[in-house]
Number of protein chains: 2
Amino acid sequence: MAITIKDIATALKISPSTVSRALNDHPNISEETKKVVAEKAKEMKYQTNFIAAGLRTKKSNSIGILVPHITSSFFASAIDGIQKIVTDQGYFTIICQSNEIYHNEVDQIKSLLSCKVEGVILSISSETNDYEHLETLEAYDTPFVLFDRVAPGFDMPTVEANDFTGGFQAVEHLIKRGRKRIAHLGGPGLLGISKRRYEGYLEALKTYAYEVNEDFVVFTNPDETHEDIIEDMFKDPKNSPDALFTFSDELAVEAILKLKKMGLNVPRDVSVVGFGNSNLCEIVEPHLTSVTHEPIEMGEAAAELLFKVIQKRHIPPHLRNRKFDSRVIIRDSSR
Amino acid sequence: MAITIKDIATALKISPSTVSRALNDHPNISEETKKVVAEKAKEMKYQTNFIAAGLRTKKSNSIGILVPHITSSFFASAIDGIQKIVTDQGYFTIICQSNEIYHNEVDQIKSLLSCKVEGVILSISSETNDYEHLETLEAYDTPFVLFDRVAPGFDMPTVEANDFTGGFQAVEHLIKRGRKRIAHLGGPGLLGISKRRYEGYLEALKTYAYEVNEDFVVFTNPDETHEDIIEDMFKDPKNSPDALFTFSDELAVEAILKLKKMGLNVPRDVSVVGFGNSNLCEIVEPHLTSVTHEPIEMGEAAAELLFKVIQKRHIPPHLRNRKFDSRVIIRDSSR
DNA sequence: CTGAAAGCGCTTACAG
DNA sequence: CTGAAAGCGCTTACAG
């Protein structure tokens, strides 16, 4: 059996209350008692039972993280950033994945609620189109922050990238390099981030008075390969694009590999710009130009924001909905 | 305030005991009562408080995972595999990272213990050389499974790769391709997996009566770049290796990029074989030959094994220390 | 089939 | 400065 406060109390012939207070460094306890208790606790290898303490104080010291998948390098790094802040605050994290499936997302929110987490950082799945689980969180007074993939049209704390300007900058870069026929391989159509990156693309074309060619835009689904789409888009040498802006680095890499297989030269025939500036950029050849997307900083910001909400601190409006600006990191794929 | 069993009880004018039993589908409760309670619970949006239930039943329904870092693709996928099994069992996971730092590892074990997890899946850091934290786990009767990076010389449940044969096969493959001067870029020297992959390398050389050249073996540290080491190893065209077996795909990719920068052709001048068979293999060019290392299957196996230990089921010896065999996936980097 | 009571391991208002 | 008592939200042996 594990050692409890009561065991220490009997061993020391004092009351459990005193042991508890001594362990928690309560001001009313004599230094002498604190010392004795601390020593005995160490000797008996006492470990606080957080579960019991949490039940009593109604503070679980835990926060939940719900992401589409932990294996994505963006989310893995984001979790890293979140954990840095959370651990500093003496909290621990319960990490769940939706695997891009809406009903998993709903279920996981329920179990996080049952675990009585004090807050949740949530990135919605690419299937999510209904947001009543967010209302459930609100109904249970559980603070949460939407992360990267936010829900549209709700007034909730958010941390996201400035996807619109990211898309704009990517395409502007291609335009300035003299590209004329710029295509876009988009993300899952339901996701706001896909829409905004696409809108950035459109806005750049508009700004530079480029024509929009509908055949040059395709939205994709996660967990699929897209060889056919790319083949289709580039099969006709006369009318095919001379540049491609993709929703993610993963898509850009797929595109580069496929284009090379088709005998096209990147960047001579086709310039490619990805999104994420992940470790893949310097592995694929040519090295991939990409829009920055800072997972660690964004994760830290989300955790900091969440703690502010939990502690009911005042949050100035510009910190309640944070947007991280991007820039284009130019590499060989668009030189 | 959250709804409790007591709230349902008063609303229904029955006792909390009955509500609890009805919710848990206790055999002694009438179907009628169960139905009424279930409806009321739903109507009131009742969510079981796992914390309280766990305190009472001494079952937290949680297991801890402690890995060096979640951002490594191997560990991220392993966690994916673990979670699949754990979620099926109605458990949740608390995931911690040591960041390859020993004292973090010790601290995290302590907080997992304080969270009263029912078991732990642990992969030790590359600094870990002292195993008393494992004895702490044992002292607290907390079952655990060592995963991939196991502690040497302890009789504990483990799930690991057959690193020795993996190293052997990689080098045998290079020998059979006619390579004569095979180098090894090893992992962190303290890790058993580094040693065993190296021993597999040595054994293959021995089996084929190759001479061992000490200059051709270097052990590396994580979180560093290794350009200098590679430069050093390959700077002298006459005496440098014509093949390289690396501890990981990440190292292999670094090596390939550096070798190309040095004007060497892979695989003509130098064949390269990695370890991990990760997604990088088909991104780098030439595509990387690599030894398989199945994170998802290994993660699932570790979780299944852990539950057997938790449930005190009989575990046949061959399942208590599982080794996953590897094979070499041949790609262009060694053709 | 249902209820009253005890208790999981803590914390804390109250009393001294 | 310390202790006895109550209670967080559950579950379950005991009684009926």
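To find a chain, count down the sequence lines: A is the first, B the second, and so on, and within it residues start at 1.
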Of the listed nucleotides (dT11(C), dA4(C), dA6(C)), which one gets closest to any side-chain atom of Ser17(B)? dA4(C)

Separation of dC8(D) atom C1' from Lys6(B) atom NZ, nearest Å, is 10 Å

Counting the atoms with a prime plus P, OP1 and OP2 as sugar-phosphate, which does Thr4(A) contact under 4.0 Å by heavy atoms, base, sugar-phosphate, or nothing? sugar-phosphate

Student check: side-chain heavy atoms of Phe307(A) and Arg313(A) closer than 4.5 Å: no

Just compare dC14(D), dG3(D), dT12(C) and give me whichever is closest to any side-chain atom of Arg21(B). dC14(D)

So, is Ser20(B) close to the dT12(D) phosphate, meaning a side-chain N or O under 4.0 Å from OP1 or OP2? no

Hey, is the side chain of Thr57(B) poking within less than 4.0 Å of OP1 or OP2 on dT12(D), counting only N and O atoms? no

Phosphate contact (dT11(C) OP1 or OP2) by Lys58(A) side-chain N/O below 4.0 Å: no

Compare side-chain N and O positions of Ser15(A) against OP1 and OP2 of dG3(D) and report whether any pair is under 4.0 Å apart. yes

OP1 or OP2 of dT11(D) under 4.0 Å from side-chain N/O of Asn24(B): yes

Phosphate OP1/OP2 of dG3(D): any Thr18(A) side-chain N/O under 4.0 Å: yes

Looking at Thr33(B), I'd like to know whether one of its side-chain N or O atoms comes within less than 4.0 Å of OP1 or OP2 on dT2(C). yes

